[in-house]
Structures are given as structure tokens and as C-alpha cells.
There are 2 protein chains.
Amino acid sequence: MITMNGRNILVVEDEKKIAEIVKAYLEKEDFRVTVAERGEKALAVLKEGFALIILDLMLPDMAGEDICRAIRKDFDVPIIMLTAKSDEDDRVRGLGIGADDYMVKPFSPRELVARVKALLRRVKGSKDVLSFNGSDLVLDSTRFEVRKKASPVVLTPTEFKLLQCLAERPGQVFTRLQLVNVILGYDFEGYDRTIDAHVKNIRHKIEDNQRKPSYLKTVYGIGYKFTGLPDED
Amino acid sequence: MITMNGRNILVVEDEKKIAEIVKAYLEKEDFRVTVAERGEKALAVLKEGFALIILDLMLPDMAGEDICRAIRKDFDVPIIMLTAKSDEDDRVRGLGIGADDYMVKPFSPRELVARVKALLRRVKGSKDVLSFNGSDLVLDSTRFEVRKKASPVVLTPTEFKLLQCLAERPGQVFTRLQLVNVILGYDFEGYDRTIDAHVKNIRHKIEDNQRKPSYLKTVYGIGYKFTGLPDED
DNA sequence: AAAAAATATGAATAATTTATGAAAATAACG
DNA sequence: CGTTATTTTCATAAATTATTCATATTTTTT
């Protein structure tokens with residue numbers, strides 16, 4: 001396995017302008033940036049060693065997911081995937097491609113920088129696994145899998161995204177609208193309350209007592225929140 | 001550098017229809033919106049102070065990027081750029097100039113509102129926490145939670161809003177009518193005195209001695225006020 | 001100190017909000 | 001194309017909160 005290099009970032013993006021902007025923003029933060037316009041080139045420079053890779057899902061020569069898998073085969077490097085539409089993130093998450101994070105275009109460059117930093121911080125610590133209540137509940141984003149007291153729990157894609165969204169920020173309260181925006185996309189035309197149904201189903205799968213949930217809690221009049229330490233409020 | 005104003009948003013957009021829709025959506029979320037149809041006017045009202053600016057890249061009198069630069073020269077205010085169609089160049093231009101985020105038309109107004117909020121949160125440093133009497137009493141808006149001497153106090157939504165409204169301006173006296181307008185909405189048809197009931201319930205939860213409240217004080221003949229330093233009047 | 005005015009309080013009732021099971025619509029898959 | 005899994009909607013039950021009201025208490029005025 002090849003060593004990764006401190007502040008080197010590889011940007012795989014064929015839209016030159018976007019690549020440039022991303023480069024500019026990252027360099028302003030003291031990262032060194034290499035741009036590859038094609039998947040082929042990306043794979044060629046890989047062995048230079050990068051701390052992180054930003055990868056467009058749509059490239060002229062190869063599918064982003066293939067590149068991602070190719071990278072993952074030999075390198076243990078965090079990847080942020082760029083997708084054009086909100087429904088593509090399903091593919092990113094669902095297919096076990098193994099991206100560590102993803103952003104839907106159009107994205108704010110500041111947010112990208114923030115995520116790069118966050119991801120580097122996270123990765124340095126360990127992998128992409130959220131663990132709660134002393135490993136009683138584990139959310140493994142790279143494997144798209146949840147484990148409850150060590151035994152696997154099967155969540156549907158929407159359920160997983162919902163739980164993940166909440167679990168990433170324990171204690172923070174999300175309104176149904178916020179959750180819809182994040183999980184179903186800004187263009188979702190349906191009803192707020194569909195969130196309730198998913199919450200119910202998730203609770204059924206991860207809570208000991210569905211009537212008295214210890215993880216996924218209701219905040220009356222506002223929305224929902226996740227609590228990592230079931231006892232606390 | 002000029003101070004920015006809490007919930008004031010400037011929309012610079014010449015297409016009246018779009019401006020109106022944006023305005024309506026933002027006002028529904030309790031923002032105060034000023035619309036400028038031309039760049040010239042935008043620059044003129046700038047000193048009123050805005051928390052955020054939404055700027056169309058294409059304007060009749062001046063290029064959006066010039067306005068953007070002009071704004072940035074004197075104001076440190078977050079900017080969301082609106083660009084027409086999915087013209088890549090425009091998109092990219094917006095970012096290069098130093099917009100914080102951008103959206104491609106046609107966009108969903110819901111998404112715009114969500115991005116506005118996200119950007120404000122990000123810029124503010126996500127400090128939605130009010131702290132009083134040396135952290136004896138803490139109001140945390142993102143967690144929708146009040147803590148009294150470090151232990152959580154559960155307030156109902158109305159109670160929370162009421163307390164928040166008062167606590168945001170310690171010392172300022174609010175009439176019941178003002179409170180009703182802010183908390184229950186201008187269209188509330190009920191009785192003033194419902195506020196009293198909420199005050200009672202809040203006091204029950206946060207005051208040591210409900211008969212001699214140290215935070216939530218009555219101003220006889222007028223209304224109520226919040227005092228951050230319990231000793232002072 | 002008594003009367004008047006305003007606020008506090010507890011309890012009853014009304015109104016909202018959430019949970020839930022099942023049906024209908026959609027998407028995914030072979 | 002039919003079959004299955006998933007997502008969404010819907011109707012209703014259950015839970016929680018908001019409002020009102022009658023009465024007690026406090027504050028102000030005279």
C-alpha cells in the first residue's frame with residue numbers, strides 16, 4: 001500500500017473551469033493540487049501519493065465509479081465524489097463504490113474545502129464508521145451497513161441516508177423539511193410526513209422498544225434528532 | 001467594515017417574477033427582503049446592512065461580477081450568485097469572483113431558502129447558543145434545548161420560542177401583544193393572556209423560585225422581560 | 001387600609017402533532 | 001412484462017401541547 005502525502009490533493013474533473021476554481025480554493029488553504037482531466041491520467045498519477053481525491057462521477061473516458069473502484073483496489077485514500085444530480089448520490093452510496101463523501105453540483109467551493117478538511121481530519125483518526133453507545137449501534141458508511149449489538153440490520157437506502165444524516169450530528173434537531181432536502185433532494189415534490197414513515201421503520205429495526213426510542217428521538221413540534229448516548233436527552 | 005443585519009437579505013434581480021417569488025419564500029421564513037432591480041440601486045442600498053445578498057449574474061445595467069467585486073470591496077457579506085441556464089461559464093464565473101455559493105436557474109425556491117440558511121449558519125460560525133449568568137442558563141437553538149446548570153430542560157415549542165424571543169434581547173420589555181405577534185403569528189386570533197400561561201410554565205421549569213423569578217420577570221402593567229444577570233433588575 | 005387593577009395559577013377543554021398500520025404508487029429486478 | 005421491494009400517502013388512534021377560564025394572589029392607586 002502506497003503512502004499518502006500530507007497535503008496533496010488530486011482533482012479528477014474534466015470541466016476545466018470547475019477544476020480551476022476548486023484548485024484555486026484549495027491552494028488558498030495551502031493544499032497542493034494536481035488536476036487530471038481524464039480517468040486514465042488520474043490512474044497514471046496515482047502512485048505519486050495523495051492525501052485525498054476529488055472525483056467527478058461523470059468523465060469522458062471512464063465512469064467515475066470504475067475509477068473509484070480502481071483506486072480503491074490499490075490505495076486507501078479518501079475520496080469525495082462529485083455528482084451532477086441528487087439522484088446520482090444513490091448510486092454512489094448504494095453500489096458500494098466506497099466514496100467517503102460526495103457533493104451534488106452545484107456546490108459551494110467553501111463547502112468543498114470544509115469537507116476536504118473534515119474528511120482529512122476524520123480519516124486520520126480512522127475509517128468511516130460511526131459508533132454509538134459503546135459499539136452497541138454501528139453505522140458503516142463504506143459498507144452501507146448498520147449493526148445492532150454486532151448483528152447486522154438491513155436498512156433500505158432511504159432509511160440509511162436518514163439515519164446517517166441524523167447520526168452524523170448527534171443532538172442536533174432536524175426539521176422534516178431539512179431532512180427531505182438532504183435525503184430526498186431539493187426537488188422532491190412530495191409530502192413532509194413521509195419522513196415519519198421512515199422514522200417508524202428505522203425505529204422498528206434499531207430500537208429495542210419502539211415506543212420509547214433511545215436513539216432516534218422525536219422533538220415535538222420541530223422534527224427529529226439522534227442521540228448517541230441513549231440515556232441522555 | 002459595516003455591520004450586517006440579522007435577517008435582512010438583499011435580492012438583486014431584474015426579473016420581477018423571480019424576485020417576487022424569492023422574496024415571498026424568504027419572507028415566509030421570517031427574513032426581511034429588499035429587492036433591487038438594478039446594480040446601481042443595489043450598491044446604493046448596501047450600507048443599510050444585509051446579512052446576505054442574492055445576486056443575479058445577469059443584470060441590465062452592470063455585470064454581476066462587477067457588482068460582486070464592488071460589494072466585496074467594502075462589505076464582508078456572504079453572496080449567493082444566480083446564474084442563467086446551465087451555462088458552465090456563468091457558473092464558473094460566479095465562483096471565481098468570490099461568491100460563496102451559486103445556483104443555476106431554474107432553481108427550486110426551497111433549495112434557495114435552504115442554501116440561504118445553510119450559508120448564514122456557516123458564516124455565523126454556527127453559534128446559535130445564548131448563555132447567561134455564567135452558563136448557568138443556556139439556550140441552544142440548533143439543539144432546540146435549554147440547559148439549566150448543565151442539565152437539560154425540556155420546553156415545548158411555544159415555550160422555547162417565547163424564551164428565545166425574550167432572551168435575545170435581555171432587559172427589553174415586550175408587551176403581550178408583541179410576544180403574541182412574534183411567537184404565535186400576526187394572524188393569531190386568540191387571547192393575549194395565553195402568554196401568561198406560557199410564562200408560568202417556563203418559570204416552573206427554569207426558575208429556582210417561581211414566586212421570585214430571576215430570569216423571566218414581570219413588568220407590571222406592560223409585559224415581560226428577560227434578565228441575563230439575575231441580580232440586576 | 002380598602003378598592004381597583006393586573007398578574008399568577010391550576011384545571012378543564014380544545015387544538016395540534018405524532019405514531020401507526022395498511023393501501024396505493026413507484027421503482028428495481030429478473 | 002410480471003414480480004418484488006421500496007417509497008409514499010392516507011386514515012385514524014394516541015400523545016402532547018395550547019388555550020381558556022375561574023379563582024387566588026399580588027401590586028398599584030386612592
Side-chain angles (χ1 to χ4, degrees), chain A residues 85-91 93-96 144 153-163 173-177 179-185 187-207 209-225 233, chain B residues 144 146 153-163 165-166 173-177 179-185 187-207 209-225 233:
Chain A
K85 282 171 289 175
S86 69
D87 55 328
E88 282 181 344
D89 68 4
D90 287 346
R91 271 162 69 205
R93 290 165 174 275
L95 293 179
F144 199 65
V153 173
V154 181
L155 297 188
T156 68
T158 304
E159 287 165 10
F160 189 88
K161 275 199 266 187
L162 177 48
L163 185 57
V173 180
F174 290 79
T175 65
R176 290 179 179 74
L177 197 59
L179 293 169
V180 163
N181 283 340
V182 173
I183 290 148
L184 280 3
D187 49 343
F188 178 74
E189 311 224 312
Y191 186 39
D192 246 10
R193 292 285 173 167
T194 184
I195 294 294
D196 298 32
H198 291 300
V199 166
K200 181 195 61 179
N201 294 330
I202 296 171
R203 279 176 177 161
H204 183 67
K205 293 176 181 176
I206 70 165
E207 297 284 4
N209 178 1
Q210 161 169 207
R211 290 304 187 84
K212 245 178 161 291
S214 33
Y215 292 109
L216 217 171
K217 296 194 174 167
T218 303
V219 181
Y220 189 100
I222 314 292
Y224 296 98
K225 72 176 176 184
D233 197 274
Chain B
F144 247 91
V146 171
V153 173
V154 181
L155 298 188
T156 69
T158 305
E159 287 165 11
F160 191 89
K161 274 197 264 186
L162 178 48
L163 184 57
C165 172
L166 293 168
V173 181
F174 290 81
T175 66
R176 290 178 179 74
L177 197 57
L179 292 170
V180 163
N181 285 339
V182 172
I183 290 148
L184 281 2
D187 51 342
F188 178 73
E189 313 226 311
Y191 185 39
D192 244 10
R193 291 288 173 166
T194 184
I195 294 294
D196 298 31
H198 292 300
V199 166
K200 180 198 61 180
N201 294 329
I202 297 171
R203 280 176 176 158
H204 182 65
K205 293 176 181 177
I206 69 166
E207 298 285 5
N209 178 359
Q210 180 169 190
R211 291 306 186 84
K212 241 177 163 290
S214 33
Y215 292 109
L216 218 172
K217 297 192 174 166
T218 304
V219 181
Y220 190 97
I222 314 290
Y224 297 97
K225 72 175 177 184
D233 197 58

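Numbered from 1 within each chain, the chains take letters A, B, ... in sequence-line order.
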Is [X] close enough to [N] that one of its side-chain N or O atoms is under 4.0 Å from OP1 or OP2 there?
X	N	value
A:Thr194	D:dT8	yes
B:Arg211	C:dT9	yes
B:Thr156	D:dT16	no
B:Arg176	C:dT7	yes
A:Thr158	D:dT6	no

Rounded distance in Å - [atom1] ([X]) to [atom2] ([N]):
X	N	atom1	atom2	answer
A:Lys225	C:dT18	NZ	P	14 Å
B:Asn201	C:dG10	CG	P	9 Å
A:Asp192	D:dT7	CG	C1'	15 Å
A:His198	D:dT7	NE2	P	6 Å
A:Tyr191	C:dA24	OH	P	18 Å
B:Lys217	C:dT7	NZ	C1'	17 Å
B:Glu189	D:dA18	CD	P	18 Å
B:Lys212	D:dT25	NZ	P	19 Å

Closest approach to the side chain of [X], judged atom by atom: which nucleotide of [options] is it?
X	options	value
A:Thr218	C:dA19, C:dT7, D:dT17	C:dA19
B:Phe188	D:dT8, C:dT20, D:dT19	D:dT19
B:Asp196	C:dA22, C:dT9, D:dT19	C:dT9
B:Arg193	C:dT7, C:dT20, D:dT6	C:dT7

### Query
Can you find an N or O donor on one side and an acceptor on the other, under 3.5 Å apart, linking the side chain of B:Tyr220 with the base of C:dA5?
yes
Within the structure provided, determine whether A:Asn201 and A:Thr156 are in side-chain contact (heavy-atom separation under 4.5 Å).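 No, their side chains stay 4.5 Å or more apart.
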Do A:Thr218 and A:Arg203 have side-chain heavy atoms sitting under 4.5 Å apart?
yes
* To do: Just call it for B:Phe160: base, sugar-phosphate, or nothing, with non-hydrogen atoms closer than 4.0 Å on any strand.
  => nothing
Where do A:Arg176 and A:Ile222 come nearest, in terms of heavy atoms and distance?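 A:Arg176 and A:Ile222 have their closest heavy atoms at NH1-O, 3.9 Å.
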Of all heavy-atom pairs linking B:Pro157 and A:Gly221, the shortest is CG-CA, 3.8 Å
_Counting only heavy atoms not in B:Phe188 (residues, nucleotides, ligands), do more than 12 fall under 6.0 Å from its CZ?_
yes
